[in-house]
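Taking it in order: structure first as structure tokens, then the write-up.
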Amino acid sequence: MKKILSILLAAMLAFSALGATSMMAFAASNTVASPEHTTRDNDKIGQVNGKVSDDVDYQVDPTDPTKISFTYTGNGDFQNWQFPGMTEGKDYKVMSCIGHVRDLPKGNFSQDLTGDFEIEYEVPAEKKHLVSELRSEARKADMVWLASDEDREGEAIAWHLAEVLGLDPSTTRRIVFHEITPEAIHKALENPRTIDLNRVDAQQARRVLDRLIGYKISPLLWQKIKKGLSAGRVQSVAAKMICDRENEIEIFVPEEYWTVDAKFKLEHAAITAHFTGMDGEKKDLTCKADADEVLRRCENAAFAVSGIKQSERRKYPAPPFTTSNLQQEASRKLGFTTQKTMQIAQQLYEGVELKGSGTVGLITYLRTDSTRVAEEADVAARAFIRENYGENYVAVGENGKKSNAKIQDAHEAIRPTNISLTPAIVKDSLQRDLFRLYQLIWKRFTASRMQPAVYETTSVKVGAGEYDFTMASSKLSFDGFMSVYVQEEDKEESSAPFGKLEKGMELGLAGLVPSQHFTQPPAHYTEASLVKALEEQGIGRPSTYAPTITTIIARRYVAKENKNLYVTELGEVVNRIMKNSFASIVDINFTANLEYLLVAKFLYKP
């Protein structure tokens, strides 16, 4: 991190008056990320051209001072280059605001809900000393650079910081980057902008509404049940979803059904066909009498191949990870909780010490709802695949699904910052869990840029009088992306070939096997499946999935046993009160539609 920050700061000085002191404030969930300042005006500062050093040229656009470019003209390694004679603390200073610097007052809801809807904010006691330090340094700086996340929350952090510090728009710049690499920071510094007030307004609306719901409803739970309970727009809906699932399981009535398999013995193999219906029409066997009828009619019937269809099927790779499907896959493959996944991913994002390379940020930003990939990363990935796997493994065009229109799309997908840092290269530098999660992210992203797997499939229809049976087999003919990344459903897809079969060929019946089955109730939610359901319903944001689950478990509304989530007696009581008294608040459509409206506000450009 030290090396990368030195590059960031050295590059940053190109935008300040020569030799002047500059300051950048970072606002992030933990150590690094960003804040910003905004103005609706363009303050013309005039054209400035020149050289910061022998190796760096810079230029300010005379018509738009937010467009500033600089060029490194030296021949050395950019990753290790710094401005000559510059020292941290003397020529520049990096400070972190460590997330939000002010919030709604604690302990009461004193907001004006009439008139102009003025919102009251306060600097928390634990942040007052830090804000004082930031304000003091900002006054001494010739330029302040704010670099918070690009989503609603990050935009609000930047706005609050600018307001609290009283920053001058003409000497404040807002930048964003989605990975901690020299290239990303270099690009961000070339493209500063102003604060997007649409995103700020959307965040304020969500924050006030969530506070309103929590502060108005929670006291009722204290009166009716006990102190310490809480309600929330997202957590109450998540708890309700678990309650609803438990109710579905409780009232579920199993339904009986039967299957009949016909087993045949060929010269070198045994094959099995499954009963599907009569005279080309599908027929379900709902009881033993239905199965017995098939057995009686087929016992002495002649079985013959009535049709063979051979085809090719392509299986496409999954897109790169978003926050929700990273949490789901890490749960399924690695056994991680959502909270553990985010903690480890945060470490990979902030940077780890690699032997011979210093501190390196290994993945892009970890809170995202988008599968979008930066063009340069896409090009680099395809070049890597071409070199290491061959041209025939490189995807043509874009694989996977397009991003949903309801997402924020503030950050690209979660991916490795440098695809050439393979899991094998970094393994010795990473702790076990860090390595396992990085390997999962690297493989998923690499596979997403590869050709689909190709299967040769054979479907055989077998007739026994009026009764129809079918059997199918598939053979992997080209592994494509599966040479790198295999999902659970891919593991058992290939099946043994039938051998040589021809239409009209008679088959010797070895036996008929009836089996009784019962339909199964819906599965209990796990953390992974609950995250998937929340995302599908449009409830919450990437940053809220893990905290929401942690909260409802901590409040004892839900208990976790063997990965399954079960509603507790307390959870049932709280859910009953919420449904009876605040039905609209715990309505899934209300929460989902609110998220959609907030995104619409965030995307709206006046």
Side-chain angles (χ1 to χ4, degrees), residues 1 3-4 79 178-184 317-323 325-338 340-366 368 371 373-374 376-390 393-395 399-400 411-453 479-491 528:
M1 184 62 65
K3 182 186 297 182
I4 293 174
Q79 293 197 28
H178 307 137
E179 59 185 70
I180 304 176
T181 61
E183 295 79 12
F321 282 127
T322 62
T323 300
N325 51 43
L326 174 62
Q327 292 172 343
Q328 294 167 48
E329 197 74 348
S331 175
R332 285 192 292 262
K333 288 193 170 185
L334 308 179
F336 291 175
T337 63
T338 54
K340 181 176 181 178
T341 297
M342 298 307 287
Q343 289 171 344
I344 295 174
Q346 185 75 35
Q347 294 178 58
L348 292 172
Y349 168 69
E350 291 178 0
V352 295
E353 192 76 20
L354 295 185
K355 295 177 181 177
S357 301
T359 303
V360 178
L362 290 179
I363 65 170
T364 54
Y365 194 58
L366 59 150
T368 178
T371 58
V373 171
E376 58 269 24
D378 181 67
V379 170
R382 293 172 192 267
F384 176 88
I385 295 164
R386 186 176 294 109
E387 180 180 348
N388 291 274
Y389 295 89
Y393 279 85
V394 181
N399 279 328
H411 304 288
E412 59 175 306
I414 302 171
R415 60 169 177 81
T417 57
N418 184 351
I419 195 170
S420 64
L421 291 176
T422 64
I425 290 176
V426 303
K427 184 174 183 179
D428 290 342
S429 300
L430 300 181
Q431 295 177 356
R432 181 172 181 268
D433 285 343
L434 284 169
F435 169 74
R436 294 170 72 202
L437 190 64
Y438 178 71
Q439 179 176 245
L440 190 67
I441 293 169
W442 188 94
K443 287 185 173 183
R444 174 80 166 231
F445 172 68
T446 303
S448 74
R449 287 17 240 170
M450 299 178 76
Q451 286 278 13
D479 56 0
F481 77 92
M482 290 174 61
S483 61
V484 173
Y485 183 79
V486 180
Q487 296 173 277
E488 290 299 320
E489 59 267 28
D490 301 328
K491 292 182 178 179

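All values derive from a computational prediction rather than experimental measurement. Residues: numbered from 1 along the sequence shown.
The nearest pair of heavy atoms linking E412 to A374 is OE1-N, 2.9 Å. Contact between G351 and T359 at its shortest, heavy atoms only, is C-CG2, 3.8 Å. Nearest heavy atoms, A381 versus F445: CB-CE2, 3.7 Å. Summarising the geometry of L326 relative to L440, their closest heavy-atom pair is CD1-CD2, 4.5 Å, with the distance given to 0.1 Å. Shortest non-hydrogen contact noted between Q347 and V352 is O-CG1, 3.8 Å. Of all heavy-atom pairs between Y485 and A447, the closest is CB-CB, 3.6 Å.
Atoms CZ and CD1, from R444 and I441 in turn, are 10.5 Å apart once rounded to the nearest 0.5 Å. Atoms CG and CG, on L430 and L437 in that order, are 10.5 Å from each other to the nearest 0.5 Å. Note that the CG atom of L434 and the CD atom of Q439 stand 12.5 Å from one another [nearest 0.5 Å]. Once rounded to the nearest 0.5 Å, the distance linking OH of Y389 with CE of M450 reads 5.5 Å. Atoms CD1 and CZ, from I385 and R449 in turn, are 8.0 Å apart once rounded to the nearest 0.5 Å. Between atom OG1 of residue T371 and atom CD1 of residue I414 there is a gap of 11.5 Å, rounded to the nearest 0.5 Å.
E376 CD: more than 12 foreign heavy atoms inside a 6.0 Å radius.
A donor-acceptor contact shorter than 3.5 Å is absent between the side chain of R415 and the backbone of I363. Looking only at distances, no side-chain donor or acceptor of W442 sits under 3.5 Å from a matching main-chain atom of P416. With Q451 contributing its side chain and V394 its backbone, the two residues share a donor-acceptor pair below 3.5 Å. Between the T323 side chain and the L366 main chain, a donor and an acceptor come within less than 3.5 Å of each other. Proximity of a side-chain donor or acceptor of N388 to a complementary backbone N or O of F384 within less than 3.5 Å is detected. No donor-acceptor distance shorter than 3.5 angstrom exists from the side chain of T417 to the backbone of T364, with no hydrogens or angles considered.
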(request) Evaluate the side chain to side chain contact (heavy atoms under 4.5 Å, CB included) criterion for residues K340 and D433: first the C-alpha distance (whole Å), next the side-chain angles of each, then the deciding distance (0.1 Å), finally the verdict. (result) CA-CA 10 Å; K340 181 176 181 178; D433 285 343; 3.0 Å; yes

(message) Evaluate Y393 against D479 for side chain to side chain donor-acceptor pair (under 3.5 Å), listing each step before the verdict.
(response) CA-CA 9 Å; Y393 279 85; D479 56 0; 2.7 Å; yes

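Defined by atom type and a distance below 3.5 Å, a donor-acceptor pair is missing between the side-chain atoms of Q327 and T341. Remark: the E350 side chain and the Q346 side chain contain an N/O donor-acceptor pair separated by less than 3.5 Å.
Stacking of K443 on the aromatic ring of F321 is not recorded, the 6.0 Å distance cut-off and the 45° axial limit not both being met.
A distance below 6.0 Å separates the ring centres of Y349 and Y365.
In this structure, the side chains of S448 and P319 stay at 4.5 Å or more apart for every pair of heavy atoms. The shortest side-chain heavy-atom distance between L362 and L354 falls under the 4.5 Å cut-off.
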